[in-house]
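Some notes on the structure that comes next.
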Amino acid sequence: MGPLLAIESSCDETACAILSTQGDVLAERLVSQSDHAAFGGVVPEIAARAHLALLPDLVEETLKASGLARSDLGAVAASTGPGLIGGLIVGANFGKGLGIALQKPFIAVNHIEAHALSARLPGVFEGGLAFPYLLLLVSGGHCQCLAVEGVGRYRRLGGTIDDAAGEAFDKVAKMLGLGWPGGPALEALAREGNPTAFAFPRPLKGREGCDFSFSGLKTAMARQLEPYGMEPLPRELAADLAASFQQAVADVIGDRVTHALGMMERPTALVAAGGVAANGVLRSRLTALAQAHDLPFVAPPLRLCTDNAVMVGWAALEVCREAQSLGVPLPDDRNTRPRPRWPLAEMAQRFADG
Ligand code: KG4
Ligand code: ZN
């Protein structure tokens, strides 16, 4: 098929990567848009405009770094959902345009599917990761457990009924007067604090299934902060609150993941992806948990855990490979539209329809 160029633009990362047919990364470029910090969160309209401004040069730079000519490309892929629709339209149209100009197929990639398959990228797990595995996806926009049973075969075991895990970190960090994104700042502060200083609730802990809930934790934090009004918090107190909150989150995620493992038959590994998977306390909890189940804990390196174009390219390659092995035509998605919502349950159709 030839090397594949992939684009990611579903949230606030503008990214491009070129992968060989085997999945080796020939070049990659990524810009994390920083304009949103002043607003304390991603502003969709600003993100879409930034993608539009950044993407043409980024693609050009990536091509140059790969040493390839456009005509060497065998296919183009882009995240076309789920995500912020403005950015998705920019990335999808750019990718489709390039594909049409080069007379090469365009592959529409489901962004969650890309996260789900990223643990199978060459070099992430020695010998390559086999199906089925449990994926915990914890980011600013997602919080779910998925049984990854094959390419196109994803079973959602449970997910958040209110906030995503990263969203909870960001909101609580804001309450504590930390910057955005709040997760890394909160983790840094928590290092100075006592994780047992405050008894925060453990929402849904012990409950059947593996749904998550974080809004009660947020409310509990707000209650703790009430007496201080607008006054700045003493640092020691803020650190104790941060550490106790982080502990509660790690605890509930650990509990929910234990349940999720029980919902799968012989998983090969516990995999974590998404920005929150960078959290050290959570990672050690998940490592211990996997060990107790005699499973490896696999987390792609951080730059592949957060949004990136390498995983988009890899997912496109996996889809092509699966199509080939099933004897159905390779996808050409130039007529598909970007979708703000795109349930993973629909991914199997791609192969069923031929
Ligand atoms: O996957 P990601 O980069 O973007 C999407 O949301 O798609 O995840 C960003 C989220 C933010 O909410 C951020 O606060 C959180 O991941 N995060 C963390 C840490 N690093 C990033 N949360 C907790 N601890 C961290 N070290
Ligand atoms: Zn993502």
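For ligands, and for the atoms within them, numbers begin at 1 and follow the listed sequence. This chain uses plain numbering: 1 for the first residue, then up along the sequence.
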Nearest-contact summary for [atom] - protein heavy atom, Å:
atom                    : answer
atom 15 (C) of ligand 1 : V276 CG2, 3.9 Å
atom 24 (N) of ligand 1 : N279 ND2, 3.0 Å
atom 1 (O) of ligand 1  : G275 N, 2.9 Å
atom 26 (N) of ligand 1 : E187 OE1, 2.7 Å
atom 4 (O) of ligand 1  : D307 OD2, 4.1 Å

Return the [atom1] to [atom2] distance between [X] and [Y], rounded to the nearest 0.5 Å.
X    : Y    : atom1 : atom2 : value
L136 : L270 : CG    : CG    : 7.0 Å
D211 : T160 : CG    : OG1   : 8.0 Å
L58  : E28  : CG    : CD    : 10.5 Å

Atoms of ligand 1 less than 4.0 Å from [X] heavy atoms?
X    : value
F169 : 22 (N), 23 (C)
G141 : 6 (O)
S139 : 1 (O), 5 (C), 6 (O), 7 (O), 8 (O)

Region of P184 that comes within reach of ligand 1 [heavy atoms, distance under 4.0 Å]: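 Both backbone and side chain of P184 come within 4.0 Å of ligand 1.
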Residues D251 and R285 bridged, charged N to O under 4.0 Å: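 The answer is yes: the pair qualifies as a salt bridge.
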Linked, directly or transitively: L225 and F214 (ILVMFWY side chains, under 4.5 Å):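 Yes; tracing contacts between hydrophobic side chains, which count when under 4.5 Å, links both residues.
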Geometric N/O contact [X] with ligand 1, under 3.5 angstrom:
X    : result
D170 : yes
H115 : no
H111 : no
G166 : yes
T306 : no
G140 : yes
G183 : yes

Side-chain heavy-atom pair N308, E13 within 4.5 angstrom cut-off: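 Not in contact.
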For the student: nearest non-hydrogen atoms of K104 and L73, plus distance: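 Smallest interatomic distance, heavy atoms only, reads CE-O, 3.2 Å.
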Closest non-hydrogen atom pair between L146 and R156, with its separation: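 Scanning both residues completely, I find the closest heavy atoms to be CD2-CA, 3.7 Å.
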F245/F169 aromatic ring centres below 6.0 Å: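 Yes - the distance between ring centres of F245 and F169 falls below the 6.0 Å cut-off.
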Plane angle bin for H115 and H111 - parallel if under 30°, tilted between 30 and 60°, otherwise perpendicular: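 Aromatic pair H111/H115 classed perpendicular.
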Between S213 and D162: side-chain donor-acceptor atoms closer than 3.5 Å: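 Side-chain D/A pair, S213 to D162: present.
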Side-chain donor/acceptor of H259 to backbone N/O of R207, under 3.5 Å: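 Pair found, side chain donor or acceptor close to backbone of R207.
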Of V59, D57, L52, the residue whose pairing with L55 passes side chain to side chain contact (heavy atoms under 4.5 Å, CB included):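 Exactly one pass, corresponding to V59.
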Worked check of side-chain hydrogen bond (donor to acceptor under 3.5 Å, both in side chains) between T196 and Q247: CA-CA 8 Å; T196 59; Q247 190 64 35; over 6 Å; no
Protein N/O/S count near the Zn ion (ligand 2) (criterion: distance under 2.8 Å):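 Under the 2.8 Å cut-off, the count stands at 3.
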